[in-house]
Amino acid sequence: MILMVSSNFFVILKHLICFCSVQTKQIGLSHTLPMDWQGQKLAELLMQIILGVFAVAAFVAGYSMGSFQTMLLIYAGGVGVTTLFIVPNWPFFNRHPLNWLDPVEVERHPKPQALTSKKKSSSKHK
């Protein structure tokens with residue numbers, strides 16, 4: 001029974017991932033910029049908050065109902081919600097893009113060379 005439930009879970013997860021992939025392409029999110037640093041920080045914070053809320057809710061519901069299975073299902077739902085909310089590169093994760101120098105600007109300003117110090121040659125006195 002557990003094997004059947006887990007195989008059904010993976011089939012549903014596969015369909016959900018394909019659905020999200022198609023939806024992001026349809027609304028034009030497939031060619032977005034990579035997530036910026038502030039977006040990564042926001043994603044990490046949101047992940048911790050969402051998982052924490054679901055963990056507390058799962059514990060309270062599981063304890064009050066006396067069901068370990070209920071607790072695990074609620075927490076698994078929280079992991080799923082968190083995954084759907086955090087993993088796609090949503091536009092609000094790209095509000096602070098990094099501005100890189102153009103190659104023309106880089107050529108105008110040559111890279112500074114490191115100073116090399118000449119070591120004094122030691123002569124042995126006999």
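Numbers for residues simply follow the sequence, beginning at 1.
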May I have the list of side-chain donor-acceptor pairs in residues 76-87 shorter than 3.5 Å, sequence neighbours left out?
| from | atom 1 | to | atom 2 | distance (Å) |
| --- | --- | --- | --- | --- |
| Thr82 | OG1 | Gly78 | O | 2.7 |
| Thr83 | OG1 | Val79 | O | 2.7 |

Scan the side chains in residues 58-74 for donor-acceptor partners under 3.5 Å anywhere in the protein, sequence neighbours excluded, and list what turns up.
| from | atom 1 | to | atom 2 | distance (Å) |
| --- | --- | --- | --- | --- |
| Ser64 | OG | Val60 | O | 3.0 |
| Ser64 | OG | Ala61 | O | 3.1 |
| Ser67 | OG | Thr70 | N | 3.1 |
| Ser67 | OG | Thr70 | OG1 | 2.9 |

Give the table of side-chain donor-acceptor pairs shorter than 3.5 Å for residues 43-56, with sequence neighbours excluded, one pair per line with atom names and distance.
| from | atom 1 | to | atom 2 | distance (Å) |
| --- | --- | --- | --- | --- |
| Glu44 | OE2 | Gln48 | NE2 | 2.8 |

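A distance of 10.0 Å separates CD in Gln40 from CZ in Phe93, rounded to the nearest 0.5 Å. We find the NZ-NE2 distance between Lys41 and His96 to be 10.5 Å, quoted to the nearest 0.5 Å.
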